[in-house]
Amino acid sequence: MRKVIVVGGGAAGLMAAVSAAQNGAEVMLLEKNNRLGKKLLITGKGRCNVTNTAPLQEFVKNIPGNGRFLYSVFSKFFNWDIRSFFEELDVPLKEERGGRIFPVSDKAIDIVNAFEKILHRLAVQIKLNESVKFLKVDNNKVTGVITEEDKLYEADAVILATGGSSFPGTGSTGDGYRMAKQIGHTIEDLFPALVPLECEEDWVKDFQGLSLRNVNLKVLVDGDVKKEMFGEMLFTHFGVSGPIILTLSRDIAKWLREGKTVELSLNLKPALTKEQLDKRICRDFEKYSRKQIKNALGDLLPSKMISTVIDLAFIDENKFVNQISKAERERLVDLLQDMVMTVTKTRPLSEAIVTAGGISTKEINSKTMESKLIKDLYCVGEVVDVDAFTGGYNLQAAFSMGFVAGEASSLE
């Protein structure tokens with residue numbers, strides 16, 4: 001019977017431990033926190049978006065960080081497999097907008113509890129509050145791990161599933177990168193993916209806490225439109241966040257690192273042409289002709305935006321609607337479809353949902369997740385240079401890598 005040590009009790013590590021044990025290995029799971037699945041508990045705003053129903057080709061397109069590397073693991077364990085896995089563990093799932101899959105209960109704790117249940121059933125030895133310091137390697141083969149307390153745990157195989165460097169409070173403090181680098185692995189530059197953005201303009205802070213739906217956002221890089229997305233976004237005390245911001249943030253982070261100027265052009269009324277919007281405003285002006293403009297835009301804009309929008313359009317907010325000039329109205333129309341914000345930086349890596357970069361995929365066997373440099377060492381999850389958009393893609397990647405590594409590590 002092979003002895004397998006899994007380092008890290010997140011999504012990839014939990015699945016790796018289950019898979020290795022199901023394939024006959026004697027498994028020990030080492031977790032630095034005082035409980036398993038700490039980051040899993042906060043995914044999907046505490047609801048845990050376990051996967052997505054997207055077909056394979058579309059799924060891979062939603063993994064901008066080396067998605068093609070995962071074709072092999074997805075061929076062995078994919079979205080229908082993870083759904084069966086949880087439903088067999090009495091965790092019913094449901095599908096929501098965009099093909100996202102959640103527990104029916106909307107509770108991430110049910111996913112973690114399911115893993116704990118099956119790990120107990122498979123007699124996996126779980127050691128909490130056990131932080132690994134080094135991987136023990138002899139003659140280019142991993143033979144065990146050494147903990148912070150200088151304990152040596154010997155093994156026939158080690159699965160490294162330590163997570164990334166985002167949300168360090170959950171235990172993702174970049175330990176795996178350090179350990180892999182010490183034994184010769186290349187660590188591709190780390191940067192935040194799925195991260196909020198900071199903006200230069202002070203007026204952005206006026207909208208703090210405001211969530212906008214059905215808006216269109218263009219990303220301009222050195223003045224040229226590079227990306228465009230429709231959906232939902234959120235204003236914060238430092239800038240912008242929300243689904244479309246997070247999805248665009250990976251590319252924006254790269255452009256900022258290259259020293260480029262990045263601007264966001266927000267269209268609050270993308271369903272209307274300029275002419276249609278002008279007519280709509282004219283109707284509102286006719287309706288509220290005897291009111292001051294600050295009291296005449298309630299049908300068009302959230303109340304939190306009105307004063308700032310009027311100011312940005314260079315209109316006196318105390319001016320009566322019937323005194324607004326055509327030039328002022330045209331400035332208002334233009335602004336509503338082109339509110340420009342300058343991105344100064346992303347929020348820090350510690351606040352990112354996902355870390356981009358990590359152990360180079362060129363040094364990992366995509367069919368087994370085994371290191372090409374160190375025999376019997378398997379690398380899975382966020383520690384690997386793979387990252388995806390929101391929508392269940394990151395967790396599925398972690399589950400799939402963990403499943404395949406667990407299976408491969410248990411074989412003689």
* Between E130 and K151, is there a side-chain N and carboxylate O pair less than 4.0 Å apart? -> yes

* **Within 6.0 Å of NZ in K141, more than 12 heavy atoms from elsewhere** => yes

* Using a cut-off of 6.0 Å, state whether more than 12 heavy atoms not belonging to K362 lie near its atom NZ. => no

* Between K3 and E26, does a side chain to side chain contact (heavy atoms under 4.5 Å, CB included) hold up when you go through it step by step? -> CA-CA 5 Å; K3 286 186 177 179; E26 179 186 322; 3.7 Å; yes

* To do: Assess the side chains of E363 and S371: does a donor N or O sit below 3.5 Å from an acceptor N or O?
  => no

* Asked: Does F85 have its ring centroid less than 6.0 Å away from the ring centroid of F403?
  -> no

* **cation_pi(R331, F314) dist<6.0 Å, angle<=45** => no

* Asked: With ring centroids as reference points, do F86 and F115 lie under 6.0 angstrom apart?
  -> yes

* To do: Consider only side-chain N and O atoms of D175 and T162, and report whether a donor and an acceptor are under 3.5 Å apart.
  => no

* Structure fact -> Residues S350 and P168: closest non-hydrogen pair is O-CD, 3.5 Å

* **Pair N318-K294, side-chain donor/acceptor within less than 3.5 Å** => yes

* Would you say the side-chain atoms of E317 pair up with the backbone N or O of I293, donor to acceptor, closer than 3.5 Å? -> no

